[in-house]
Amino acid sequence: MKYDFTAIEKKWQKIWEETKPFAAKDGGDKPKYYVLIEFPYPSGDGLHVGHPRPYTAMDILARRRRKQGYNVLFPIGFDSFGLPTENYAIKNKIHPAEVTKRNTARFAAQCKMLGYSFDWDRAIDTSDPEYYKWTQWIFLKMFENGLAYKASVPVNWCTSCKCVLANEEVVNGVCERCGSEVVRREKSQWMLAITKYAQRLIDDLDGLDFTERIKLLEKNWIGRSTGAEVDFTTTAGDTLRVYTTRPDTLFGATYMVISPEHALLKKWEPLLKNADEIHAYQLEAARKSDFERTELAKDKTGVRLDGVSAINPVTGGEIPVFISDYVLATYGTGAIMAVPGHDERDWEFAKKFSLPIIEVVAGGDVEKEAFTDCDTGVMVNSGFLNGLSVADAKTKITEWLTDKNLGESKVNFKLRDWVFSRQRYWGEPIPMIYCEKCGWVPVPESDLPVLLPDVQNYETTDTGDSPLAAMTDWINTPCPHCGAPAKRETDTMPNWAGSSWYYLRYADPKNKDALASKKAIDYWTPVDWYNGGMEHVTLHLLYSRFWHKFLYDIGVVPTPEPYKKRTAHGMILAEDGQKMSKSRGNVINPNDIVDEFGADTLRLYVMFLGDFEKDAPWSTSSVKGCKRFLDRIWGLAEKSLNGKDNQFSAAHEKALHRAIKKVGGDIEALKFNTAIATLMSLVNDFYETPPTRGDIKILLSLLSPFAPHIAEELWGLQGFSGHADSDKWPDYDAAKTIDDELEIAVQIGGKLKGTVRVPTDSPDEAVLAAVLADEKLARLTENRELVRTIVVKNKLVNLILK
RNA sequence: GCCGGUGUGAUGGAAUGGUAGACGUGAAGCACUCAAAAUGCUUUGCCCAUCGGGCGUGCCGGUUCGAGUCCGGCCACCGGCACCA
């Protein structure tokens with residue numbers, strides 16, 4: 001009989017659909033294990049061959065855990081709110097909800113085609129009102145706790161489309177759609193105070209089993225720095241507060257720079273003799289996009305404030321104040337003290353504007369370049385700090401500033417609060433109402449969800465408001481507080497909202513009274529193993545950790561962290577080594593591969609093609625190697641075999657024990673490629689010496705997480721009891737993985753000269769005797785004095801001769 | 001510029017400081033076949049060669065009995081961040 005993968009895969013998928021062997025049970029005797037993949041965004045293109053890599057990996061893990069006796073939760077859902085769907089809907093004039101329905105159906109069918117052991121009964125959809133009701137509820141809780149606030153922040157504004165653009169929509173400083181200029185503009189937006197959690201988001205990484213590169217990326221992104229805030233008095237009378245990480249260099253501060261957006265500029269306007277020039281500079285800076293501001297960074301620009309200067313608090317000297325766009329309004333206090341001797345940017349600026357450069361840390365040549373080394377320098381020209389190391393000077397000056405009430409130590413983060421408003425239709429409505437009298441009033445919990453109304457036109461508007469702004473019937477609503485006429489918020493949430501808590505909903509996806517029951521959350525969370533893309537580490541992963549911590553603080557979840565373990569997969573590249581993308585036309589569709597080779601082959605291949613954590617190019621011609629492997633297994637296992645079901649043959653006993661150990665260990669270490677190589681070797685052995693029933697049973701049991709359909713089919717054909725996917729993961733006997741006799745490498749002076757065979761665990765003398773008994777090796781040692789012998793047990797002998 | 005990562009046969013990739021190249025692809029040969037495909041078996045890092053020997057993991061050095069692996073200094077490529085004071 002031929003290996004008819006199409007029929008076999010359909011058969012088992014139907015059985016799984018009907019008998020639901022992968023449905024998770026809420027409770028029971030077995031220990032729980034929660035395996036999570038990043039749920040897909042159901043785009044119109046369907047699954048591409050990149051999706052199966054992480055999905056198959058986690059499916060293998062989930063299937064192994066079930067065989068190990070765990071109660072496994074391995075859920076799936078759809079992150080369906082978002083811009084691509086909305087744009088597709090606009091282009092094709094189909095309602096986004098309709099588009100979502102079609103796309104999710106297609107994705108689900110594709111996932112089923114690949115035989116994933118998801119618990120489909122728990123499938124969720126972030127655009128389902130029953131779901132986003134709770135996304136809105138969390139937002140309300142955040143508002144209640146002072147974490148959600150409305151603020152005016154700079155956004156990308158297209159001068160022609162008259163609307164706000166996402167950063168991704170700004171390409172080389174111009175609007176992606178119309179090619180016109182994009183400027184920064186202040187706009188009132190809902191914000192989430194993620195910065196209040198910055199310290200905890202860093203600290204709590206320590207206790208988590210995340211791969212190091214993930215932790216590092218999050219830490220760098222949050223960007224903690226320690227320094228001090230220092231007050232400078234000005235001739236205008238106001239205090240100008242700066243943030244610095246080098247308070248030790250205060251004596252070397254020869255000028256100050258404030259950002260063009262700094263609030264004091266407005267106040268100081270009457271005092272400024274060159275107000276026009278400053279205005280022009282401010283306008284120019286505003287006109288520049290972030291992109292230009294950083295690209296043109298090499299050449300420093302700025303304008304000196306004519307009419308206001310500052311006093312250095314330690315020297316008492318009067319120093320000039322500049323505005324320059326190299327100082328960011330959004331970091332620190334939006335103002336800096338400039339120490340050109342010890343900061344590269346300040347040095348450049350000082351050179352350009354011929355400002356004095358004072359050396360306050362000895363060790364370099366400040367006339368040639370800024371000396372920024374903190375470890376070796378000694379303080380000079382710094383009054384009471386002279387002679388101290390940089391570290392000691394930092395401590396002393398900070399104490400001094402605190403003492404004199406001129407400043408204090410301060411920690412800053414690069415992380416900014418999260419801009420949470422989108423002027424788009426296809427997202428969760430932000431459940432807030434604006435009342436002239438009461439201000440922003442939250443929608444009462446009992447009125448949730450605030451349903452996304454049906455609109456005729458969901459295109460963006462000329463005014464930059466959400467398409468919802470035209471829905472007067474929907475907008476106008478009485479104030480929940482005083483009953484006066486009021487208006488709903490028309491902005492929606494960003495696509496990261498629904499995915500920030502979805503793993504909680506899986507615990508209890510149909511709950512109508514809470515985002516999930518306390519019992520279900522206590523039982524299932526935290527997620528035991530979460531795998532996803534590296535590109536989500538600084539967005540989704542961070543956002544969801546933030547939300548989870550908030551939910552922990554208000555007593556909704558029992559742990560401070562949502563995910564115990566996080567790993568990340570590499571991308572599958574096209575055959576040319578480039579990223580797969582529709583525009584390059586190099587995308588591989590999994591359906592084509594499944595049609596030609598079968599789902600089991602595709603699953604094997606995506607796991608076999610390289611190191612799971614690294615990018616790897618696709619190769620259609622290599623896929624057939626995996627198909628051949630399955631064909632060879634089929635050839636061995638479809639016919640009737642001798643032997644007992646639960647006994648290994650003497651010929652294969654060692655190889656089997658080793659394979660059980662290796663495959664299990666490799667799955668845990670994400671080394672799926674070598675796990676499959678081990679199985680391939682085993683099959684090669686079986687072609688040399690025919691296997692017994694017991695041998696084949698183990699092979700199928702180990703294979704079943706990787707290629708579940710064929711394993712199950714052959715299991716049945718052999719008449720083994722039960723199913724391959726529920727059969728206990730086999731145990732190995734460490735003693736039986738060891739050979740009786742080994743080949744020992746023989747080196748002379750560190751160079752490999754030959755090998756000898758000796759019994760395992762032979763004493764050193766026996767090994768040496770074997771070496772001398774070898775004619776060739778003995779000849780090489782003739783007439784030479786043995787100076788030293790190194791023996792590595794069961795591995796190698798190294799003879800050092802004179 | 002800063003922070004990561006990577007560099008191994010024709011090729012995708014294996015190798016707790018201990019026999020480099022497992023496993024797969026490709027290629028060559030043999031068997032089966034009228035023939036081809038499929039399948040099975042064999043060979044396949046490079047150089048000289050008869051046994052055998054020499055050289056080999058981006059480059060240069062170091063540590064070590066022994067280095068793809070550890071250390072120092074380069075080079076190249078990929079990714080992220082980028083005037084964060």
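In what follows, every chain begins at residue 1, and chains take the letters A, B, ... in the order their sequences are listed.
- Within 6.0 Å of atom NZ in A/Lys793, more than 12 heavy atoms from other residues, nucleotides or ligands are found, so the atom counts as buried in its surroundings.
- Counting any heavy atom pair closer than 4.0 Å across all strands shown, A/Leu609 reaches sugar-phosphate atoms only and no base atom.
- Across every strand in view, B/rU39 sits in a pair with B/rA31 that passes the Watson-Crick or G-U test at under 3.5 angstrom.
- Here the side chain of A/Thr781 pairs a donor or acceptor atom with the backbone of A/Ala778 at under 3.5 angstrom.
- Counting to the nearest Å, the C1' atom of B/rU39 and the CH2 atom of A/Trp634 are 17 Å from each other.
- For A/Thr674, the side-chain atoms get nearest to B/rA22 when compared with the rest of B/rC23, B/rU25, B/rA22.
- If you take NZ of A/Lys2 and P of B/rU39, they are 11 Å apart, rounded to a whole angstrom.
- For A/Arg628, whose side chain is taken as the heavy atoms from C-beta onward, the closest listed nucleotide among B/rG13, B/rC23, B/rU39 is B/rU39.
- Checking the phosphate oxygens (OP1, OP2) of B/rA15, a side-chain nitrogen or oxygen of A/Lys671 falls inside 4.0 Å.
- Remark: A/Arg632 qualifies as a cation-pi partner of A/Tyr687 under the 6.0 Å distance and 45° angle criteria applied to the six-membered ring.
- Of the residues near RNA chain B, A/Val792 and A/Glu344, the one whose nearest nucleotide (by heavy atom distance) lies more toward the 5' end is A/Glu344.
- Counting to the nearest Å, the C1' atom of B/rC23 and the CG atom of A/Leu604 are 13 Å from each other.
- Of the two residues contacting RNA chain B, namely A/Ala335 and A/Ile800, the nearest-nucleotide position lying further toward the 5' end is that of A/Ile800.
- Phosphate proximity of B/rC41 to A/Tyr687: absent, as no side-chain N or O sits under 4.0 Å from OP1 or OP2.
- For the pair A/Thr245 (side chain) and A/Gly227 (backbone), a donor-acceptor distance under 3.5 Å is absent.
- At whole-Å resolution of the value, NZ in A/Lys662 and C1' in B/rC23 are 11 Å apart.
- Look at A/Arg213 and you won't find any side-chain N or O under 4.0 angstrom from OP1 or OP2 of B/rG80.
- For the C1' atoms, the distance from B/rG73 to B/rG56 is 23 Å, rounded to whole Å.
- Counting only distance, with no hydrogens or angles, the side chain of A/His569 and the backbone of A/Arg53 share no donor-acceptor pair below 3.5 Å.
- At a threshold of 4.0 angstrom between heavy atoms, the contacts of A/Asn798 include nucleobase atoms, whether or not backbone atoms are also involved.
- In this model, the phosphate group of B/rA22 is not approached by any side-chain N or O of A/Arg658 to a distance below 4.0 Å at OP1 or OP2.
- In this entry the distance linking CZ of A/Arg224 with P of B/rC2 reads 23 Å, nearest Å.
- Dashed line: the shortest gap from a side-chain N or O of A/Arg632 to OP1 or OP2 of B/rG40 is under 4.0 Å.
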Mind running ring-ring contact (aromatic ring centres under 6.0 Å, His included) on A/Phe322 and A/Phe353 for me, showing each step along the way?
CA-CA 10 Å; A/Phe322 289 79; A/Phe353 288 85; 5.4 Å; yes
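- Within the 4.0 Å cut-off from OP1 or OP2 of B/rA85, at least one side-chain nitrogen or oxygen of A/Ser225 is found.
- As judged by a 4.0 angstrom heavy-atom cut-off over every strand, A/Asn684 is placed among residues touching the sugar-phosphate backbone only.
- Checked by distance alone, A/Lys300 brings a side-chain donor or acceptor within 3.5 Å of a matching partner on the base of B/rC83.
- Distances shorter than 4.0 Å separate some side-chain N or O of A/Lys751 from OP1 or OP2 on B/rC55.
- Side-chain atoms of A/His342 come within 3.5 Å of backbone atoms of A/Val361 as a donor-acceptor pair (strictly under, hydrogens ignored).
- Pair check for B/rC83 finds none; no Watson-Crick or G-U wobble contact set falls under 3.5 Å.
- Atom CG of A/Asp631 is separated from atom C1' of B/rG40 by 13 Å (rounded to the nearest Å).
- Side-chain nitrogen and oxygen atoms of A/Arg788 include at least one within less than 4.0 Å of the OP1 or OP2 phosphate oxygen of B/rC65.
- A sub-4.0 Å separation between OP1 or OP2 of B/rA22 and a side-chain N or O of A/Asn673 is absent.
- On a pure distance criterion of 3.5 Å, no polar donor-acceptor pair joins the side chain of A/Gln747 and the base of B/rU19.
- Cation-pi geometry between A/Lys300 and A/Phe349 is not satisfied (NZ or CZ under 6.0 Å from the ring centre, within 45° of the ring normal).
- In this structure, A/Leu752 places its CG atom 13 Å from P of B/rC55, rounding to the nearest Å.
- Residue A/Lys627 has no polar side-chain atom (N or O) positioned under 4.0 Å from OP1 or OP2 of B/rU25.
- Across every strand in view, B/rU57 sits unpaired, with no contact that passes the Watson-Crick or G-U test at under 3.5 angstrom.
- For the P atoms, the distance from B/rG13 to B/rU63 is 34 Å, rounded to whole Å.
- Across all strands shown, B/rU25 is found opposite B/rA10 as a Watson-Crick or G-U wobble partner, with both distances under 3.5 Å.
- Across all strands shown, B/rC70 forms a Watson-Crick or G-U wobble pair with B/rG62, both key distances being under 3.5 Å.
- The side chain of A/Lys624 has B/rG26 as its nearest neighbour among B/rG26, B/rG18, B/rC3.
- Among the protein residues, A/Ser621 comes within range of the sugar-phosphate backbone only, with heavy atoms under 4.0 Å from sugar or phosphate atoms but none that close to a base.
- Using a 4.0 Å heavy-atom distance criterion, A/Lys753 is classed as a sugar-phosphate-only contact.
- A/Glu535 comes within contact range of no nucleotide atom at all, as no heavy-atom separation falls under 4.0 Å.
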